[in-house]
Protein chains: 2
Amino acid sequence: MNKIVGKKPEHETIYVQIKEMVLFGEVVPGQPLTIHGLAEKIGAGVTPVREAIRRLTAEGGLATLENRRVVVPTMTMHWLEQIELVRLTVEPELAVMGAEKCSLGKVLELERLDALIDEAIRKGDIRGYLEANYRFHFTIYDAADALILRRITESLWVRIGPSLRVVCGRFGTTNLTDQHREATKGLRDGDVGKVKQALQEDIRQGMEFIRQTIEN
Amino acid sequence: MNKIVGKKPEHETIYVQIKEMVLFGEVVPGQPLTIHGLAEKIGAGVTPVREAIRRLTAEGGLATLENRRVVVPTMTMHWLEQIELVRLTVEPELAVMGAEKCSLGKVLELERLDALIDEAIRKGDIRGYLEANYRFHFTIYDAADALILRRITESLWVRIGPSLRVVCGRFGTTNLTDQHREATKGLRDGDVGKVKQALQEDIRQGMEFIRQTIEN
DNA sequence: TACCAATTAATTTGATCAAATTATTTAGCT
DNA sequence: AGCTAAATAATTTGATCAAATTAATTGGTA
């Protein structure tokens, strides 16, 4: 325990690392994860990795089989419907709340992220796209300052992360039209309704893409 | 490790135990919990208790302060609004799905639970009321067989559990009118709309009670 | 070759311990 | 007395290890 000046506990940072692995498609649906493998890959002890896995499991990003094996869950049609229901309820609400509190600085940051998204799409950079897309959405949601809705939303995103990776692998990134331009425009003009509508459409499109990779 | 024939891992059962402590009001909002204290009280090792705490923290039932202290969060108005929004969206939906799949056996079980609720109210048995009320709702929700909605709902219930205890302590259990009779009637008659409406009203009432204990 | 039992390897699980961090108490000073 | 600083106690944190469980492999038999 030779940590000189570490502020946050290790299981916290490890949790974030593993979460981002799931969120940004570094792990594939169905892929089994060993606790030692993760510890070795990250370069950490086994104990904090276990705690992080429990947390992610609670949020749905991972699942423990009855054999105690830890895997990345594979999306089902049934799940997708439930996720869409809640996303369409919570995220537009978060967007409205966020839009009302959004500073100009935030808007500029969002436009920068939107540019990053476009660039990633052009380059076919899947990981870059997934990450920038995530940051875009949650920059708005964070502005809403609604912890519980934010937590719920995040738990839904970790569930769809691996599937989005599959979507990109199947269709490529070029087919992705984004509603983000509309959203940022709405934010600039103070047109909250437009923001809400853009987000709704964005969610519907994303869910539809995933749906197509399931019912193959 | 002298477990003869234990099926589930220990952190799993400990998680359930602590969750029920939160759910049924055995811990008070603001109350700090030490990891050793819990381990001792439950009669378990420290490691599985830690894992259980991480899980409950991820679900919102507990919270870790910046000092790493673990506490039962105290409800705020802001949180209550968010919880109500999601509950009113998800739980009636779960009720509808559950009602459609509800066997007669389930209906009988629900009527039994409803009787338990009445009895607990008469006796002023707070813990009994909270537990029976929980079982009643989640018996319906479980019938819906919608894992994700169920998980979200459960995470909201662990957030309001401690507050409900406060509600009962303040107002007693006698003031609690229940919508459960209406719900079971609807289930028997196959009147899904009635079930949905009863649940909505039940949720609104519960949230209103909690609201009154906050804005004192 | 195909199939099944037995052995071996890999992994999870939970206890224990030292180090680090935080909370509490005591002592000293004005 | 009142307040600050040092010392003590309590708690968390992460590594390590033995036991248990599960997966993989080997060997034997029909």
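Because the structure is predicted, anything quoted here is derived from the model rather than measured. So that the names make sense, note that chain A is the first sequence line, chain B the second, and so on, each numbered from 1.
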Separation of atom [atom1] in [X] from atom [atom2] in [N], rounded to whole Å:
X: B/Ile35; N: D/dG14; atom1: CD1; atom2: C1'; answer: 12 Å
X: A/Glu10; N: D/dA15; atom1: CD; atom2: C1'; answer: 11 Å
X: A/Ile53; N: C/dT11; atom1: CD1; atom2: P; answer: 13 Å
X: A/His11; N: D/dT12; atom1: NE2; atom2: C1'; answer: 9 Å
X: A/Leu65; N: C/dT13; atom1: CG; atom2: P; answer: 12 Å

Review point. Taking atom types as modelled and ignoring hydrogens, do the side chains of B/Glu119 and B/Tyr129 form a donor-acceptor contact shorter than 3.5 angstrom?
Key: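 Checked: B/Glu119/B/Tyr129 side chains show no N/O donor-acceptor pair below 3.5 Å.
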Taking only heavy atoms on the protein side, list every residue of residues 39-52 of chain B lying under 4.0 Å from any atom of DNA chain C, sorted numerically.
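Contacting residues: B/Gly45, B/Val46, B/Thr47, B/Pro48.
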For this session: Kindly say if B/His36 contacts the phosphate of D/dT12, meaning a side-chain N or O under 4.0 Å from OP1 or OP2.
Result: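 Yes, within the criterion.
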Look at the side-chain N and O atoms of B/Arg54 and state whether any lies under 4.0 Å from the OP1 or OP2 oxygen of D/dT13.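 B/Arg54 to D/dT13 OP1/OP2: side-chain N or O found under 4.0 Å.
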N/O donor to acceptor pairs below 3.5 angstrom from side-chain atoms of residues 92-106 of chain A, sequence neighbours left out:
{"from": "A/Lys101", "atom 1": "NZ", "to": "A/Ala144", "atom 2": "O", "distance (Å)": "3.4"}
{"from": "A/Ser103", "atom 1": "OG", "to": "A/Lys106", "atom 2": "N", "distance (Å)": "3.3"}

Open item on the list: Using the side-chain heavy atoms of B/Arg68, tell me which of these nucleotides is nearest: C/dT21, D/dT11, C/dT13.
Closed with: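 Looking only at side-chain atoms, B/Arg68 lies closest to C/dT21.
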Which listed nucleotide (C/dA23, D/dT13, C/dG14) is nearest to the side chain of B/Arg69?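 The nucleotide sitting nearest to the side chain is C/dA23.
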Using distance only, find each side-chain donor-acceptor pair of residues 56-63 of chain B under 3.5 Å and give its atom names and separation, not counting sequence neighbours.
{"from": "B/Thr57", "atom 1": "OG1", "to": "B/Ile53", "atom 2": "O", "distance (Å)": "2.7"}
{"from": "B/Glu59", "atom 1": "OE1", "to": "B/Tyr15", "atom 2": "OH", "distance (Å)": "2.8"}
{"from": "B/Glu59", "atom 1": "OE2", "to": "B/Tyr15", "atom 2": "OH", "distance (Å)": "2.9"}

Next item on the list: Would you mind listing every side chain to side chain donor-acceptor pair (under 3.5 Å) that reaches into residues 25-41 of chain A, with sequence neighbours excluded?
Entry: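 Matches after skipping sequence neighbours: A/Glu26-A/Arg127.
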### Query
Who pairs with B/Arg55 by salt bridge (Lys or Arg N to Asp or Glu O under 4.0 Å), at least two apart in sequence or on another chain?
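B/Arg55: salt bridge (Lys or Arg N to Asp or Glu O under 4.0 Å) contacts with B/Glu12.
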*Please list, chain by chain and in numerical order, all residues satisfying side chain to side chain donor-acceptor pair (under 3.5 Å) with B/Asp145, sequence neighbours excluded.*
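For B/Asp145, no residue satisfies side chain to side chain donor-acceptor pair (under 3.5 Å) once neighbours in sequence are set aside.
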